[in-house]
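The block underneath contains the structure these notes are about, expressed in structure tokens.
Every number for a ligand or one of its atoms is a count from 1 in the order of the listing. As a basis for the values below, the full set of heavy atoms in this structure was taken, side chains included, without hydrogen atoms, waters or symmetry mates. From a predicted model like this one, the values you see are computed outputs, not experimental measurements.
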Amino acid sequence: MVHFVGAGPGAPDLITLRGAKLLAEADQVIYAGSLVNPALLENCRADCRILDSARMTLEEVVEAVRSAEAEGHTTVRLHTGDPSLYGAVREQMDRLDALGIPYDVTPGVSSFCAAAASLCAEYTLPGVSQTLILTRMAGRTPVPEPERAASLAAHGCSMVFFLSAGMLPELRRELLRGAYTDETPAALVYKASWEDEKLLKCTLGTLEACAREHAITKTALVLVGDFLAHGGERSRLYDPAFTTGYRKGIDT
Ligand code: SAH
């Protein structure tokens, strides 16, 4: 059996209870060494076989799983944040399906959640934006043409860019073709929830200079949108005059 587990954004206590239990019981752990905090491996069994997938191909990962299965051993495949976002998990599942190896998935706290937490920000502010776009710039790996940043930026909503901290001039150019300006609030969040986390608030116009000043080129998210500046309107949900399924509104 293979358990795909979301490791969370970095801080070792931001893995789920279920994920931590699976990790502590595993015969083999294959972790994404480029981004998963190795401190998470401290609770593995002393005889646990630990492999770093940063140095492995998909074929090697599948082979490690297959040979563990042959011995009746369980594998935890530990992915950073939540496995469903840029985790390259589907291709692993397809191969496990072909081999008849069962698997399940334990979600994790994605880095975009940890970034908002560190900034004490809310992506969906009433009257400001009710939509969050999670995306990336096209780099060595392409993005489908209709999802180009410039097209998505037409909405002017809250946006988070993964895997794009090394392409900030291009990112700015794309966003300026949409609804954003150089004054649009932005933030660069480096290693959210890690001990060496950096939170840099800036604007779209100053984003690149800010990254250069702090030598940030990777392991960072770019957040863009007016949610970073506004208090927004008060929510209806907690408005005394608003009736909900749990509470009758009163005239004010
Ligand atoms: N599945 C992961 C994303 C993997 S893609 C998740 O849910 O977070 C790798 C990219 O995620 C990095 O290039 C960076 O943009 C972002 N990332 C992952 N962990 C991060 C962290 N702790 N702080 C900031 N960005 C992070």
Contact region, Trp194 to ligand 1, non-hydrogen atoms below 4.0 Å, reads side chain
Should Arg212 and Leu168 be marked as a side-chain contact (heavy atoms from CB on, under 4.5 Å) after you check the CA-CA gap, both sets of side-chain angles, and the distance that decides it?
CA-CA 10 Å; Arg212 207 169 339 110; Leu168 298 180; over 6 Å; no
Test: Arg90 and Asp97 ion pair at under 4.0 Å:
yes
Please examine the side chains of Thr141 and Tyr86, heavy atoms only from C-beta on, and report whether any two atoms are closer than 4.5 Å.
no
Please check if any side-chain donor atom of His79 sits under 3.5 Å from a side-chain acceptor atom of Gln92, or the reverse.
yes
Closest protein heavy atom (residue, atom, distance) for atom 7 (O) of ligand 1:
Ser110 OG, 2.8 Å
What protein heavy atom is closest to atom 5 (S) of ligand 1, reported as residue, atom name and distance in Å?
Tyr86 CB, 3.6 Å
Around atom 24 (C) of ligand 1, find the nearest protein heavy atom and jot down its residue, atom name and distance.
Val189 O, 3.3 Å
List the closest protein heavy-atom neighbour of atom 13 (O) of ligand 1: residue, atom name, distance to the nearest 0.1 Å.
Leu163 CD2, 3.4 Å
I want to know if ligand 1 touches Gly10 in the polar sense, i.e. an N/O pair below 3.5 angstrom.
no
Taking non-hydrogen atoms only, is Leu35 closer than 4.0 angstrom to ligand 1 via side chain, backbone, both or neither?
side chain
Are a donor atom and an acceptor atom from the side chains of Thr135 and Glu147 found within less than 3.5 Å of each other?
no
Run the salt-bridge test on Arg95 and Glu91 with the 4.0 Å N-O cut-off and return the result as yes or no.
no
Is the Phe162 ring parallel, tilted or perpendicular to the Phe112 ring (thresholds 30°, 60°)?
perpendicular
The protein heavy atom nearest to atom 25 (N) of ligand 1 is Leu221 CG, 3.4 Å
Does Ala220 come within less than 4.0 angstrom of ligand 1, counting non-hydrogen atoms of the residue?
yes
Would Leu171 and Leu204 count as a side-chain contact (heavy atoms from CB on, under 4.5 Å) if you check the C-alpha gap in whole Å, the side-chain angles of each, and the deciding distance to 0.1 Å?
CA-CA 9 Å; Leu171 187 147; Leu204 190 50; 4.3 Å; yes
Starting from atom 8 (O) of ligand 1, find the nearest protein heavy-atom neighbour and note its residue, name and distance.
Ser111 OG, 2.7 Å
The one among Phe112, Tyr190, Phe161, Phe162 that brings a heavy atom closest to atom 11 (O) of ligand 1:
Phe162
Would you call Glu174 and Arg177 a salt bridge, using N to O less than 4.0 angstrom?
yes
Contact check, Lys191 vs ligand 1, heavy-atom distance below 4.0 Å
yes
Among non-hydrogen protein atoms, atom 2 (C) of ligand 1 lies closest to Thr80 O, 3.3 Å
Between Gly81 and ligand 1, is there a nitrogen or oxygen pair with a distance under 3.5 Å?
no
